[in-house]
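Labels below follow one simple rule: chain letters A, B, ... track the order of the sequence lines, proteins then strands, and each chain is numbered from 1.
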Number of protein chains: 2
Amino acid sequence: MPSVTVENYLKRILLLSAGNGGLVSMGALAEALAVVPGTVTTMVKALAADGLVVHAPRRGVRLTAAGRRLALGVLRRHRLVETFLVNVLKMDWGAVNAEAEQLEHAISDAVLDRLDALLGHPSVDPHGDPIPGRQGQLPSQVYATLATCGLARALRVVRVTDQSMEFLQFAEKHGLRPGAAVRVTDRHLASGLVTLRRPGGRPLTLSLVAAGRILVEPER
Amino acid sequence: MPSVTVENYLKRILLLSAGNGGLVSMGALAEALAVVPGTVTTMVKALAADGLVVHAPRRGVRLTAAGRRLALGVLRRHRLVETFLVNVLKMDWGAVNAEAEQLEHAISDAVLDRLDALLGHPSVDPHGDPIPGRQGQLPSQVYATLATCGLARALRVVRVTDQSMEFLQFAEKHGLRPGAAVRVTDRHLASGLVTLRRPGGRPLTLSLVAAGRILVEPER
DNA sequence: GAATACATTTTGACTAGTCAAAACAAACGG
DNA sequence: CCGTTTGTTTTGACTAGTCAAAATGTATTC
């Protein structure tokens with residue numbers, strides 16, 4: 001049974017490896033885990049010895065099949081718990097991430113299955129993030145973001161890929177939760193600003209970086 | 001924030017201190033925690049240094065007010081989680097103890113409050129054990145057991161004070177769950193046997209020890 | 001009251017995970 | 001090409017929790 005620490009490392013590597021060729025730098029991992037870089041090096045070598053990752057010294061780390069399977073399990077627990085906290089316990093959208101961070105390590109498969117059934121086998125969590133299946137299948141779809149989508153198109157928010165409480169509350173406040181209709185009216189690369197409009201709402205300006213964290217799909 | 005280990009020690013001390021004058025022996029604690037006695041001595045000294053217990057060397061250990069408050073918190077989490085697992089997730093009566101053992105350390109006050117409300121602020125868990133209140137108030141009532149009650153009286157099971165899966169499954173199988181009607185027809189001290197009868201059920205014989213783990217109150 | 005039994009405590013050692021700080025490698029700028 | 005910057009690895013040390021086994025009290029028995 002992997003320790004809480006191992007589960008956290010694997011989950012982080014999985015989350016950070018989206019984008020690059022699956023290779024995660026020691027620095028990024030240390031940052032995300034709130035740990036000193038040297039610790040990560042030590043720990044990653046231990047994970048590699050257990051066959052959960054491959055470590056390319058001074059280049060980065062990548063999950064093995066076994067490591068990925070474990071990481072997807074943690075992610076599944078995390079996202080199902082989040083869904084439960086929001087849908088059943090009616091907890092605050094922004095606060096559930098921290099709660100799930102704890103519970104994801106304490107929940108057994110038996111409990112998880114019941115929870116999954118109770119929630120109606122959801123495929124995405126309240127932030128719109130996909131929930132891995134029991135065998136680790138991940139409906140990996142490529143979405144545009146508010147930073148990359150076409151202008152003036154009718155769009156729908158599908159996902160918010162930033163778990164920080166400030167960002168989630170900001171998004172919530174302006175109605176940018178999964179399912180919300182939105183339209184980008186202007187994008188100015190030099191100043192790094194994106195302006196959007198929600199039907200019935202005031203125009204909203206945010207940075208390109210923030211816009212890049214909101215995934216969208218064409219309306220209908 | 002107390003560690004998982006500290007929480008487990010405190011909870012065990014609380015559970016074992018019922019009966020004796022609150023004084024728990026190192027041996028009993030080691031046994032209950034599945035740890036070697038020397039480890040308990042070391043750990044108890046650390047707990048004492050933190051003001052959570054008082055350690056009377058070679059005599060035993062007792063909770064301080066602070067330790068008791070913490071322990072009751074853990075117990076509250078444990079029993080509310082059990083109630084949730086049985087009442088909402090419809091999990092097996094005998095299996096929930098092990099699950100709750102993990103979850104009790106991962107659940108925050110915020111989540112617990114919602115859970116408590118969802119369950120309708122229950123005062124006992126599925127085994128009939130009382131659930132401590134938010135401020136640690138424990139409805140401490142003295143019950144008779146099947147080993148001590150009067151003969152031929154109409155009784156009702158209120159609580160099963162043995163968390164082992166075998167015992168719980170045995171009790172379940174013979175309808176001895178909280179609320180069940182029962183009557184002791186015979187008790188033979190020499191052989192250590194108790195015979196009972198459930199309305200509409202066959203007579204059942206069990207040992208005095210086992211009978212002592214089933215708390216009852218007079219019918220009506 | 002001495003001898004024995006039993007529980008408890010002490011001692012030394014080990015594992016998992018972490019940090020601080022020194023040593024190192026690779027890339028980059030001039 | 002050489003020096004500097006930047007990220008990575010190594011080293012040594014520390015904490016929490018644990019065990020095995022020896023040492024020590026305390027009780028019990030005769």
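- Applying the side-chain hydrogen bond (donor to acceptor under 3.5 Å, both in side chains) rule to pairs touching residues 57-66 of chain A yields nothing, sequence neighbours excluded.
- Under a 4.0 Å N-O distance rule, the pair A/R77/A/E7 qualifies as a salt bridge.
- Using a 4.0 Å cut-off between charged side-chain N and carboxylate O, B/E104 and B/K11 make a salt bridge.
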>> Please evaluate residues B/L52 and B/L63 with respect to the criterion side-chain contact (heavy atoms from CB on, under 4.5 Å), reporting the C-alpha separation (whole Å), side-chain torsions for both, the decisive distance (0.1 Å), and the verdict.
In response: CA-CA 6 Å; B/L52 298 173; B/L63 291 174; over 6 Å; no

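- The pair A/E31-A/R12 fails the salt-bridge criterion, with no side-chain N (NZ, NE, NH1 or NH2) lying under 4.0 Å from an Asp/Glu carboxylate O.
- Salt bridge annotation for A/D116-A/R76: present, with a cationic side-chain nitrogen under 4.0 angstrom from a carboxylate oxygen.
- Across residues 36-56 of chain A, A/P37, A/G38, A/T41, A/K45, A/H55 each have a non-hydrogen atom less than 4.0 Å from an atom of DNA chain D (numbered order).
- Residues B/I131 and B/S123 form no side-chain contact, since every pair of their non-hydrogen atoms from C-beta on lies 4.5 Å or further apart.
- Take B/H121 and apply the ring pair (Phe, Tyr, Trp, His ring centres under 6.0 Å) test, not counting sequence neighbours, and it matches no residue.
- For DNA chain C, the contact window with chain A, defined by any atom under 4.0 Å from a protein heavy atom, covers C/dG17 to C/dA25 in 5' to 3' order.
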Just the atom pairs and distances: protein N or O near nucleotides 2-7 of chain D's N or O, under 3.5 Å.
residue	atom	partner	partner atom	Å
D/dG7	N2	A/R58	NH1	3.1

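- Atom CG of B/D50 is surrounded by more than 12 heavy atoms from other residues, nucleotides or ligands within 6.0 Å.
- For DNA chain D, the neighbouring residues in residues 1-9 of chain B, judged by any heavy atom under 4.0 Å, are B/S3, B/T5, B/Y9.
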